[in-house]
Amino acid sequence: MSKYLKSITLAFAVFAITGPAFAEKFGLGRPALLAEVAAWDWDINALGEGLPSGSGDALVGEEIFAEKCAACHGDFAEGIDNWPKLAGGADTLDHEDPLKTVGSYWPHLTTAYDYIKRSMPYGNAGSLTDDEVYAIVAYILVLK
Ligand code: HEC
């Protein structure tokens, strides 16, 4: 392990031990509730482990996408202004200026599920139901 990594690891270890003590001393924050921890303590891996049960299709996904995503990503995921494009870019990864999208460089759709459920729509993360995420992922897959 490099010296730099050792220092970072040590800094995190010191913070992990002293952080809660400082917070208590200065009256900052409060312990997280079990329900709060549970709401964030999940993940979906490349094999699909962790996926919730549910379903959705691209037609429903198109409607949800238009309502909750298109303002930034465009109706066809082409990206509005500087907001990220989510579709297109196939076969551009070896270009000087590749177009990286879910279709072109995300190797596992399960990752898209995890990311969208965890962090989109931007500014309102965690608001999508499991079925809405399935439908949106199906729609993005069609656009590719
Ligand atoms: C207010 C604008 C906004 C809205 C609405 C929005 N997004 Fe995003 N989206 C972003 C921004 C900004 C990023 C880049 C975030 C980053 O890199 O940290 C992003 C990134 C993404 C990415 C990852 C792109 C990549 O290749 O890294 C996906 C997938 C995505 N959004 C899907 C969605 C979906 C699905 C919805 C609707 C449910 C949605 N977004 C709604 C702004 C938005």
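First listed ligand is number 1; within each ligand, the first listed atom is number 1.
- Annotation: cation-pi pair Lys100/Trp106 absent, no NZ/CZ under 6.0 Å from the ring centroid and within 45° of its normal.
- The protein heavy-atom contact nearest to atom 16 (C) of ligand 1 is Tyr115 OH, 3.9 Å.
- For Lys68 and Glu132, the salt-bridge test passes: some basic side-chain N is under 4.0 Å from an acidic carboxylate O.
- The local environment of OH in Tyr122 is sparse, with at most 12 non-hydrogen atoms from other residues, nucleotides or ligands closer than 6.0 Å.
- For the pair Trp83 and ligand 1, the shortest N or O to N or O distance does not fall below 3.5 Å.
- Only side-chain heavy atoms of Pro84 come within less than 4.0 Å of ligand 1; its backbone N, CA, C and O stay farther off.
- Scanning the protein for heavy atoms near atom 36 (C) of ligand 1, the closest one is Cys69 SG, 2.8 Å.
- Atom 29 (C) of ligand 1 has as its closest protein heavy atom Val102 CG2, 3.7 Å.
- The shortest side-chain heavy-atom distance between Tyr139 and Tyr134 does not fall under the 4.5 Å cut-off.
- With a 4.5 Å cut-off on side-chain heavy atoms, Thr92 and Pro98 count as touching.
- Under the 4.5 Å side-chain criterion, counting only non-hydrogen atoms from C-beta, His73 is in contact with Pro84.
- Under the side-chain contact (heavy atoms from CB on, under 4.5 Å) test applied with Val137, the options Ile116, Val102, Val142 reduce to a single match, Ile116.
- Nearest to atom 25 (C) of ligand 1 among the protein's heavy atoms is Trp106 CZ2, 3.5 Å.
- For the pair Arg118 and Trp40, the cation-pi criterion (under 6.0 Å, within 45° of the ring axis) is not fulfilled.
- Shown in contact with Ile136 at under 4.0 Å from a heavy atom are these atoms of ligand 1, numbered in order with element: 35 (C), 38 (C).
- Inclusion of Ser119 in the first shell of atom 8 (Fe) of ligand 1 is not supported: no N, O or S atom falls under 2.8 Å.
- None of Asp131, Thr129, Asp130 except one satisfies the side-chain contact (heavy atoms from CB on, under 4.5 Å) rule with Pro52; the exception is Asp130.
- Environment of CG in Leu34: sparse, with no more than 12 heavy atoms of neighbouring residues, nucleotides or ligands closer than 6.0 Å.
- Looking only at heavy atoms of the protein, atom 7 (N) of ligand 1 is closest to His73 NE2, 2.7 Å.
- Contacts between Leu86 and ligand 1 below 4.0 angstrom, taking non-hydrogen atoms only, involve the side chain exclusively.
- Within ligand 1, the atoms closer than 4.0 Å to a non-hydrogen atom of Lys68 are 5 (C), 37 (C), 41 (C), numbered from 1 in the order shown.
- Listed by number with element, the atoms of ligand 1 under 4.0 angstrom from any heavy atom of Cys72 are 1 (C), 2 (C), 3 (C), 4 (C), 5 (C), 43 (C).
- Of the protein's non-hydrogen atoms, the one nearest atom 19 (C) of ligand 1 is Met120 CE, 3.2 Å.
- Per-residue contacts place Leu128 under 4.0 angstrom from the following atoms of ligand 1 (heavy atoms of the residue considered): 38 (C).
- For atom 42 (C) of ligand 1, the nearest non-hydrogen atom of the protein is Tyr122 CB, 3.5 Å.
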